[in-house]
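Below is one structure; the comments refer to it alone.
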Amino acid sequence: MKKHAARILLFLLLCACLSSCKRTNPQTPITVNGTPLNGEIFSYFLYEAYGDPAAADKSARVDDATRDCIRYLAINTAFASRQLRLSPGERVKVSEETNALWRIFGAKWEAAGISKETIYKLRTSHAYGEKLRTALFDVNGEKPIGDEAIWAYYTENYLAVRYLEGVPPAGEGGVQAAGEKLNAAFARMNAAAEEIGNGATISDVYRDLREAPEVTVKQSPRIAVFANGDPAYPQEFYAACVGIEEGRAAAFVAGNSVYLAQREPLESEPTWYLAKRAECFKAVSEPYWQNELNALCGLYSAVRHAAAVERCCETVAAARSA
């Protein structure tokens, strides 16, 4: 009986040892400061590294993924240590972003061994980072930048214009006739710009343009507050508007449309600034945020597990080449 009991005790101790080994050395690709990360997270960053021109080979991609895993854990830890929380609205936004991204890339990510749940975790971590950035650098933050710098960025980089968009009236005639119609539409819009220069408002000329045979105006005057590179407005639209003096109007052609735009002072409407403040804060705070991230990440080190890393590399490479 004693021998039998001893064998049972030895078996139980062996099971406990194996279980402990499994907990302390899970075959995940990477461990950061002793914390094993989900292999799907490593695979996601490895997948994204294929889009980095500087990561031209497997070794560079693995290094990129390792750096991103460290940053992921550093952000999550810093967020938790400050007892920050996402608001219900911010969590809804994370879910919406996850769903939208999954509809576009889900099949490719699944092929690389990355689940929708992992994408949700990564989008949540991104939201943590933005919340942490605000807690550090916004007006009431730990290291506030100051609203003056944010306002200065806004006034130096943004334009405000009221504009009308028009197109030549539809009809037959081929390429030459289309060009002539575009020229006629521009001439009519240019005449309207001169009317504004003589004291008319853009609403005044809009009423006349609706009846003009040379151009079909798409909508009533709209306001655009935007910076160079805004995807909602093409580069040629920005280039034309930046050359207009405040209070003045001009007509120009961009793509297949002809525009009439009147430049407005940014200071004339406070709600424009409030709508763009988050964008401006992010741009102004970016160098400070990157320095903070570098300092945070410097406190972490990673250990990679070669066999698990290789498995991730093979799966991701196959998904990327499919």
**Asked** With sequence neighbours left out, what residues match Phe237 under ring pair (Phe, Tyr, Trp, His ring centres under 6.0 Å)?
**Response**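 Result, ring pair (Phe, Tyr, Trp, His ring centres under 6.0 Å) vs Phe237: Tyr163, Phe226, Tyr233, Phe252, Tyr259.
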**Message:** Going by the rule ring pair (Phe, Tyr, Trp, His ring centres under 6.0 Å), which residues pair with Tyr50 if we only count those two or more places apart in sequence or in a different chain?
**Reply:** none
**Prompt:** Is Arg85 salt-bridged to Glu90, cutoff N-O under 4.0 Å?
**Reply:** no
**Message:** Does this structure show an ion pair linking Arg304 with Asp63, if we count only N-O contacts that are shorter than 4.0 Å?
**Reply:** yes
**Asked** Is there a side-chain contact between Phe281 and Tyr153 (heavy atoms, below 4.5 Å)?
**Response**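 When only atoms from C-beta onward are counted, Tyr153 and Phe281 do not touch, as no gap falls below 4.5 Å.
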Listed pairs under 3.5 Å, donor-acceptor, residues 33-46 side chains, sequence neighbours left out:
residue	atom	partner	partner atom	Å
Asn33	OD1	Ser301	N	2.8
Asn33	ND2	Leu299	O	3.4
Asn38	OD1	Glu40	N	2.8
Glu40	OE1	Ser115	N	2.8
Glu40	OE1	Ser115	OG	2.7
Glu40	OE1	Thr118	OG1	2.5
Ser43	OG	Gly39	O	3.1

**Asked** Does Arg162 offer a backbone N or O that forms a donor-acceptor pair with the side chain of Glu264 under 3.5 Å?
**Response**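 No, the answer is negative, given that no donor and acceptor are paired below the 3.5 Å cut-off.
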Which pairs of donor and acceptor atoms, one on a side chain in residues 241-248, lie under 3.5 Å apart (sequence neighbours left out)?
none

**Pairs where residues 211-225 contributes a residue and the test side chain to side chain donor-acceptor pair (under 3.5 Å) is met, not counting sequence neighbours** =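 For residues 211-225: Glu165-Lys218.
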**Prompt:** Should the pair Arg277 and Tyr154 be classed as cation-pi, given the thresholds of under 6.0 Å to the six-membered ring centre and 45° from the axis?
**Reply:** no
**Message:** Going by ring pair (Phe, Tyr, Trp, His ring centres under 6.0 Å), name the pairs with one or both residues in residues 190-209, residues two or more places apart or in two chains.
**Reply:**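 Those involving residues 190-209 do not exist here.
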**Request:** May I ask you to check whether over 12 heavy atoms, not counting those of Lys116, lie within 6.0 Å of atom NZ?
**Result:**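 Correct, the count exceeds 12.
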